[in-house]
Amino acid sequence: MSSCCSPGGRAGHGDHAPAGAQLFSPSVPAKPSRASGHGHLEVAIPGGTFAMGDPFDEGYPADGEGPVHEVRISGFSIDTTAVSNAAFAAFVDATGYRTESELYGTSAVFHLAVQADAADILGTAAGTPWWLNVRGADWAHPAGPQSSWQDIPDHPVTQVSHTDALAYCAWAGRALPTEAQWEYAARGGMAQARYPWGNELHGTADDGAQLHRCNIWQGTFPTQNTLDDGFLTTAPVDSFEPNGYGLFQTSGNVWEWCADWFLPKYYKGCLAQGTVEDPAGPTIGRGRVMRGGSYLCHDSYCNRYRLAARSSNSPESASGNLGFRTVAPA
Ligand SMILES: [Ca+2]
Ligand SMILES: [Ca+2]
């Protein structure tokens with residue numbers, strides 16, 4: 001039930017796209033943001049064709065980030081941010097909806113973030129001891145019973161399952177993005193870049209200091225976080241610079257549920273078809289796709305804060321580093 005990434009071999013980092021890589025990029029800028037009707041700004045993304053997948057071959061082989069294949073996407077609108085705690089609270093207020101973590105009575109909290117009595121810490125997740133199963137952790141108490149969403153209303157909602165995210169979307173007249181929509185929007189018009197802003201993880205601030213562009217982990221995972229980017233766990237949904245389309249945090253902060261089932265070999269089938277139009281993913285899979293990485297991602301442990309990176313979790317899973325953003329249904 002824990003999310004974040006599975007332990008695995010570190011992938012190599014090339015500095016540049018492979019020579020001769022074919023580039024596809026929509027050149028039409030996105031239209032200005034407008035209200036989406038559920039408390040968040042959205043942006044209209046022009047339709048176009050792009051190269052989906054990892055051109056650097058630096059992902060975990062089991063994730064199936066390649067082969068790069070050409071995808072045609074129809075225009076759609078997408079939230080500029082992940083859904084916030086305040087927006088999710090409005091949904092709960094309006095509907096009385098109970099999330100799966102509330103029904104189960106427990107959810108997964110990162111060990112350094114827990115706000116709960118020892119008696120409410122029920123154990124760890126197999127293979128990922130930094131995830132604690134905490135009684136009373138849910139979207140309204142994201143770090144355990146002694147925490148409250150009201151202290152962080154502008155942070156992304158977490159502790160929500162795929163099922164919960166779909167329930168929110170149904171209420172808001174929205175949908176989860178397909179994996180292809182997500183990657184196309186997350187790239188912000190930059191063809192085959194590693195990150196939403198380019199290929200280098202850090203920038204340089206005016207004073208010469210290292211500039212952090214996203215909320216991931218610095219230090220020694222999972223015990224010491226130097227907080228160089230300012231955040232141990234979640235950051236407000238509109239922190240750091242947005243991408244070329246105005247989307248915030250398509251790298252880092254929280255993982256984002258997508259609509260698709262996850263099947264690592266899916267891209268191979270896409271490549272065989274030539275240009276794929278608005279792919280909706282496989283009809284069955286191991287779990288639901290999640291994208292973008294989180295505040296727990298670190299180069300030494302899980303470099304899945306890259307644009308092409310993919311992961312998944314079972315639909316009923318929830319954790320403190322997994323949220324979602326929505327799109328306008330086609
Ligand atoms: Ca951080
Ligand atoms: Ca994110």
Side-chain angles (χ1 to χ4, degrees), residues 3-5 40-43 78-85 87-88 110-113 130 142-143 152 154-160 162 165 176-177 179 181-188 193-197 201-203 209-259 288-313 318-327:
S3 72
C4 193
C5 322
H40 285 295
L41 296 176
E42 68 175 346
V43 63
I78 187 168
D79 298 337
T80 60
T81 67
V83 172
S84 69
N85 283 318
F88 199 82
F110 182 61
H111 70 131
L112 298 182
W130 48 89
I152 46 171
D154 58 343
H155 287 222
V157 68
T158 60
Q159 309 294 13
V160 285
H162 196 266
L176 289 176
E179 185 175 17
Q181 285 177 324
W182 191 97
E183 184 172 322
Y184 180 66
R187 291 185 175 282
R194 179 179 288 123
Y195 305 115
W197 53 83
L201 182 57
H202 299 111
Q210 192 176 63
L211 180 68
H212 291 274
R213 300 187 186 278
C214 62
N215 178 19
I216 54 175
W217 180 284
Q218 295 88 39
T220 307
F221 187 88
T223 54
Q224 192 208 10
N225 191 322
T226 58
L227 305 180
D228 289 352
D229 65 29
F231 302 96
L232 173 65
T233 62
T234 54
V237 295
D238 60 353
S239 45
F240 301 96
E241 288 295 308
N243 74 4
Y245 284 166
L247 272 64
F248 291 85
Q249 298 166 356
T250 52
S251 282
N253 207 27
V254 293
W255 286 99
E256 299 172 21
W257 285 118
C258 291
R288 294 292 186 176
V289 169
M290 51 192 227
R291 283 302 207 106
S294 84
Y295 57 79
L296 293 184
C297 287
H298 183 282
D299 187 48
S300 71
Y301 159 63
C302 168
N303 68 355
R304 292 188 181 89
Y305 43 87
R306 294 167 297 102
L307 284 166
R310 323 171 64 202
S311 193
S312 67
N313 216 327
S319 66
N321 69 337
L322 174 55
F324 64 102
R325 80 178 70 209
T326 77
V327 297

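Indexing begins at 1, ligand by ligand and atom by atom, following the structure's order.
Within the coordination shell of the Ca ion (ligand 1), defined by N, O or S atoms under 3.0 Å, Trp217 is absent. At a cut-off of 3.0 Å, Asp229 is counted among the residues with an N, O or S atom near the Ca ion (ligand 1). Here Asn215 reaches the Ca ion (ligand 1): one of its N/O/S atoms is less than 3.0 Å from the metal. Distances from the Ca ion (ligand 1) show that Ala235 has no N/O/S atom below 3.0 Å.
For the salt bridge (charged side-chain N to carboxylate O under 4.0 Å, His left out) with Glu256, the lone residue among Arg325, Arg291, Arg288, Arg304 that qualifies is Arg325.
The aromatic rings of Trp217 and Phe221 sit perpendicular to each other, their planes meeting at more than 60°, with 30° as the lower class boundary.
Centred on the Ca ion (ligand 2), the angle running from Gln249 (O) to Glu256 (OE2) is recorded as 80°, rounding to 10°. The O atom of Gly252 and the O atom of Val254 subtend an angle of 90° at the Ca ion (ligand 2), given to the nearest 10 degrees.
Distance check, rounded to the nearest 0.5 Å: CG of Leu307 to OG of Ser251 gives 5.0 Å.
The shortest heavy-atom contact between Val83 and Phe88 is CG1-N, 4.2 Å.
Residues Thr326 and Asp79 bring a donor and an acceptor atom of their side chains to less than 3.5 Å of each other.
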